[in-house]
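This structure is a prediction, so every number in the text was calculated from the model and none was measured.
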Amino acid sequence: MEQKNNYANQKHFDISIEDFDALDGVHEFSEKYKENKMKILKEYRRKIYKPASKYTKAAAVAALLIVSVPVITNAATGGEFFNRIWGSTGKENIASHTEVVYDKEKDTSYTVTYPKTEYEDVDKDKAEKLIGSNISYKPVIKKLGSTTLSVLSFVYDGNAAVAEFTLEKEGGVNALEYSQEHNESKGADFSGNADFYFNFGDYDGKIYTDIKKSTKDLVYCYYYMTKHGQPDTGENEVILNIEEYPCTRKELWDSDDNAYKKYMDKTKKSSIKIPVMGQPAKTVFTNKGNGTAEISPISMKIDMKKGLGLSKEDAYDPYNAYYVSINYKNGKKYIVHEHEMEGKHSCKTETDNASYTCGDLDDNLIFVFNRLVDTDNIKSVTVNGTEYNLTSLSKSPAS
């Protein structure tokens with residue numbers, strides 16, 4: 001049996017299960033949010049592991065090493081650092097294409113149309129000016145059984161974050177499922193063989209694996225994240241939450257209630273404070289209905305409730321942002337996202353130039369860019385048919 005699942009007809013952007021079941025606790029969601037969550041969970045192909053307790057900043061930290069000497073920074077590599085995370089190095093442009101995806105469990109095939117994705121080289125001097133001083137290059141290294149996790153760099157703006165990390169294991173990294181196909185869809189995911197899991201506090205998103213740079217024993221990853229918890233308080237603090245299991249994740253998923261409880265009783269939990277710098281400045285653009293688009297060099301947060309003519313229910317659904325563009329002063333456009341919308345918008349090629357997209361609890365839609373945005377040269381922002389013009393520049397919080 002074959003079912004068609006056209007990208008243009010999907011009612012949600014890519015959503016990670018960890019967005020709902022993150023390790024950092026239970027959040028209050030609207031009834032519609034819960035309803036949509038259940039629809040997604042019913043389609044998910046395996047049991048969902050759902051931790052029961054919330055981390056605290058006082059949690060024990062074991063086998064932690066914070067390296068005092070910074071890793072090689074962008075300036076020492078001729079711009080390679082910026083180009084790997086926000087540029088075209090290690091990434092491939094993706095033409096819009098259709099693939100048949102087979103669901104073994106349901107014995108069903110789905111036809112999926114992937115949008116076009118394009119990457120751009122980074123101007124290293126401009127990048128240093130826009131964001132260089134806000135990147136932490138102080139590695140955090142944690143031994144997780146036979147696997148070593150190294151968070152090499154981290155930057156965030158209060159709405160989104162980007163982390164560079166590696167996983168290393170002699171004999172081959174088996175804790176992560178990754179491939180070019182994963183990069184083109186929802187990103188890498190922790191495998192059933194993994195005996196640990198981690199996330200970055202209130203942030204969750206998509207893990208992009210640098211296939212060209214990685215080896216069997218050392219995998220390079222770039223984690224593009226949005227904040228799904230409470231609004232930014234201006235505090236420069238992000239917590240890495242870790243759980244280490246006495247079994248594999250598959251064994252945990254497949255266990256009965258009694259075995260599950262025993263596994264969880266033996267699970268080691270720890271929280272590590274990630275060294276961070278100040279946040280890059282954000283520029284605010286406003287439409288005629290006082291709706292805002294808040295932009296930093298790494299992300300954009302759009303208030304879907306105001307000025308777009310959307311009902312409360314429609315403002316909640318990210319699919320209703322069918323055209324999002326940053327318009328530069330020189331006439332060029334960065335089309336962040338574009339898809340067909342019956343009766344409202346048509347396009348020859350659907351485009352997704354965001355590294356990750358997710359809505360928050362206040363009906364804001366957050367895009368993590370797949371390139372660094374020159375905020376000094378933005379003329380306006382377009383969301384659907386609505387223009388947003390320059391309002392103000394917010395200063396970065398003190399480091």
- prompt: So with a 6.0 Å cut-off around NZ of Lys250, is the heavy-atom count from everything else above 12?
  reply: no
N-O pairing of Glu128 and Lys124 below 4.0 Å: no
task: May I ask you to check whether Tyr223 and Phe198 place their ring centres under 6.0 Å from each other?
output: no
- prompt: Is it the case that Lys213 places NZ or CZ above or below the six-membered ring of Tyr220, under 6.0 angstrom from the centre and within 45 degrees of the axis?
  reply: yes
query: Which is it for Asn370 and Tyr356 under the side-chain contact (heavy atoms from CB on, under 4.5 Å) test, yes or no, and what are the steps along the way?
result: CA-CA 8 Å; Asn370 73 347; Tyr356 184 67; over 6 Å; no
field: Pair Glu244 + Lys142: basic N to acidic O under 4.0 Å
entry: yes
- line: What one should report as the nearest heavy-atom pair of Leu176 and Tyr178 is O-CD2, 3.5 Å
- prompt: Cluster question for you: counting only ILVMFWY and a side-chain heavy-atom cut-off of under 4.5 Å, with indirect links fine, are Ile207 and Ile274 together?
  reply: yes
- prompt: To the nearest 0.5 Å, what is the distance between CD (Glu251) and CG (Asn193)?
  reply: 9.5 Å
message: Test your reading of the model: is there a side-chain donor-acceptor pair from Asn353 to the backbone of Glu118, 3.5 Å cut-off?
response: yes
message: Main chain of Asn320, side chain of Asp317: is a donor-acceptor contact present, judged purely on distance under 3.5 Å?
response: no
- prompt: Would a distance-only check, ignoring hydrogens and angles, find a side-chain to backbone donor-acceptor pair under 3.5 Å from Thr117 to Asp352?
  reply: yes
Polar side chain donor-acceptor pair, Asn384 to Lys344, under 3.5 angstrom: no
field: Exercise: do Thr286 and Thr391 side chains pair donor with acceptor under 3.5 Å
entry: yes
- prompt: Do Leu308 and Phe367 share a hydrophobic cluster, counting only Ile, Leu, Val, Met, Phe, Trp and Tyr and linking them when any side-chain heavy atoms are less than 4.5 Å apart?
  reply: yes
- prompt: For atom NZ of Lys305, is the number of surrounding heavy atoms from other residues, nucleotides or ligands below 6.0 Å larger than 12?
  reply: yes
task: Please report the C-alpha distance between Ile298 and Ile131 in whole Å, then the side-chain angles of each, then the deciding distance to 0.1 Å, and finally whether the side-chain contact (heavy atoms from CB on, under 4.5 Å) criterion is met.
output: CA-CA 9 Å; Ile298 67 171; Ile131 199 174; 3.3 Å; yes
Test of ring centre spacing under 6.0 Å for Tyr197 and Tyr245: no
message: Run Ile295 and Val381 through side-chain contact (heavy atoms from CB on, under 4.5 Å) and show every step you take.
response: CA-CA 10 Å; Ile295 305 176; Val381 175; 3.4 Å; yes
query: Would you call Asp374-Lys126 a salt bridge at under 4.0 Å N-O?
result: yes
message: Under the rule for salt bridge (Lys or Arg N to Asp or Glu O under 4.0 Å), what residues qualify as partners of Lys261, not counting sequence neighbours?
response: Asp265
- request: Run the ring-centre check on Phe81 versus Tyr137 and record whether the distance is less than 6.0 Å.
  value: yes
field: Residues Lys329, Asp376: salt bridge by 4.0 Å N-O rule
entry: no
field: Steps toward side-chain contact (heavy atoms from CB on, under 4.5 Å) verdict (Cys221, Tyr208)
entry: CA-CA 6 Å; Cys221 301; Tyr208 187 100; over 6 Å; no
- request: May I ask whether Ile366 and Val238 are part of the same hydrophobic cluster, defined by side-chain heavy atoms of I, L, V, M, F, W, Y residues being less than 4.5 angstrom apart, directly or through others?
  value: no
task: Please answer whether the main-chain N or O of Cys347 pairs with a side-chain N or O of Glu340 as donor and acceptor at a distance below 3.5 Å.
output: yes
message: Quick check against the 3.5 Å criterion: does Asn287 have a side-chain atom that pairs as donor or acceptor with the backbone of Lys306?
response: yes
message: What I want to check is whether the side chains of Ser325 and Asn327 have a donor and an acceptor closer together than 3.5 Å.
response: yes
query: Looking only at heavy atoms, what is the nearest atom pair of Pro275 and Ser136, with distance?
result: O-OG, 2.9 Å
field: Side chain Asn183, main chain Thr209, donor-acceptor under 3.5 Å
entry: yes
query: Nearest 0.5 Å, what's the CD-CG distance between Glu168 and Leu218?
result: 5.0 Å
- line: One should read off an interatomic distance between Asp189 CG and His182 NE2, to the nearest 0.5 angstrom, of 7.0 Å
message: I'd like to check the side-chain hydrogen bond (donor to acceptor under 3.5 Å, both in side chains) partners of Asp195; sequence neighbours left out, ordered by chain and number.
response: none
Reported CD1-to-CD1 distance for the pair Ile272 and Ile239, which is rounded to 0.5 angstrom: 9.5 Å
message: Using 0.5 Å steps for rounding, measure from the CG atom of Leu372 to the NZ atom of Lys129.
response: 14.0 Å
- line: dist Asp121:CG -> Ser88:OG (nearest 0.5 Å) comes out at 3.5 Å
query: Can you find a side-chain donor-acceptor pair between His345 and Glu338 that sits under 3.5 Å?
result: yes
